[in-house]
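This structure is a prediction, so every number in the text was calculated from the model and none was measured.
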Amino acid sequence: METIKYLTARQQEVLDLIIDYIADHGFPPTIYELAGLMGCRSPNAANDHLRALQRKGAITIHPGVSRGISVNGQSVEDEAVTLVRSLLNGDEHARENAIAFLEMRGVEL
């Protein structure tokens with residue numbers, strides 16, 4: 001696990017929003033969804049926070065992957081359990097998110 005540098009209160013709030021979203025949906029939010037959760041109209045604000053969280057080691061952003069945000073320190077097993085739960089519940093984007101989960105880990109389909 002990477003060392004997480006001190007987060008501002010707002011950065012911690014954004015990280016908590018991401019963690020809660022993943023727990024509820026089985027996958028991370030899009031930039032637009034995160035902006036809405038943050039109470040912002042512009043996805044640029046969400047992007048700025050995501051970049052800061054990545055610089056500080058709290059998350060990893062996987063370029064070119066839809067919903068490509070991983071929380072550092074969260075076990076792959078935890079992510080997989082949440083994703084399987086989402087698939088079993090028939091969540092709308094569960095299949096797409098399962099594919100993205102595998103792609104982020106270099107699994108070819």
Within a strict 4.5 Å, meaning less than it, do heavy atoms of the [X] and [Y] side chains meet?
{"X": "Leu37", "Y": "Val14", "result": "no"}
{"X": "Lys56", "Y": "Thr8", "result": "yes"}
{"X": "Gln12", "Y": "Leu15", "result": "yes"}
{"X": "Leu34", "Y": "Thr30", "result": "no"}
{"X": "Asn47", "Y": "Arg51", "result": "yes"}

>> Please verify the inter-ring angle class for Tyr21 with His25; under 30° counts as parallel, over 60° as perpendicular, anything in between as tilted.
In response: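 Geometry flag for His25 against Tyr21: parallel rings.
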In Å, rounded to the nearest 0.5 Å, how long is the span from [atom1] of [X] to [atom2] of [Y]?
{"X": "Leu53", "Y": "Asn72", "atom1": "CG", "atom2": "CG", "result": "10.0 Å"}
{"X": "Ile18", "Y": "His49", "atom1": "CD1", "atom2": "NE2", "result": "10.0 Å"}
{"X": "Ile59", "Y": "Ile69", "atom1": "CD1", "atom2": "CD1", "result": "5.5 Å"}
{"X": "Gln54", "Y": "Ile61", "atom1": "CD", "atom2": "CD1", "result": "4.0 Å"}
{"X": "Glu103", "Y": "Leu109", "atom1": "CD", "atom2": "CG", "result": "6.0 Å"}
{"X": "Ser86", "Y": "Glu92", "atom1": "OG", "atom2": "CD", "result": "10.5 Å"}

> How about Arg10: does its CZ atom have over 12 heavy atoms from other parts shown lying under 6.0 Å from it?
Replying inline: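 Yes, because the 6.0 Å sphere around CZ of Arg10 holds more than 12 heavy atoms from other groups.
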> Can Arg67 and Glu33 be counted as an ion pair, charged N to O under 4.0 angstrom?
Replying inline: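 Yes, Arg67 and Glu33 are salt-bridged.
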>> Under a 3.5 Å distance rule, please check whether Asn89 uses its side chain to pair with a backbone N or O of Arg85 as donor and acceptor.
In response: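 Yes; judged by distance alone, with no hydrogens or angles, the pair exists.
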>> Quick check on the hydrophobic clustering: are Val107 and Ile99 connected, directly or via other members, by side-chain heavy-atom contacts under 4.5 Å?
In response: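 Val107 and Ile99: one cluster.
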>> Restricting to non-hydrogen atoms, name the atom on Ala46 and the atom on Met38 that form the minimum distance, rounded to 0.1 Å.
In response: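 Shortest heavy-atom separation between Ala46 and Met38 comes out as CA-SD, 3.8 Å.
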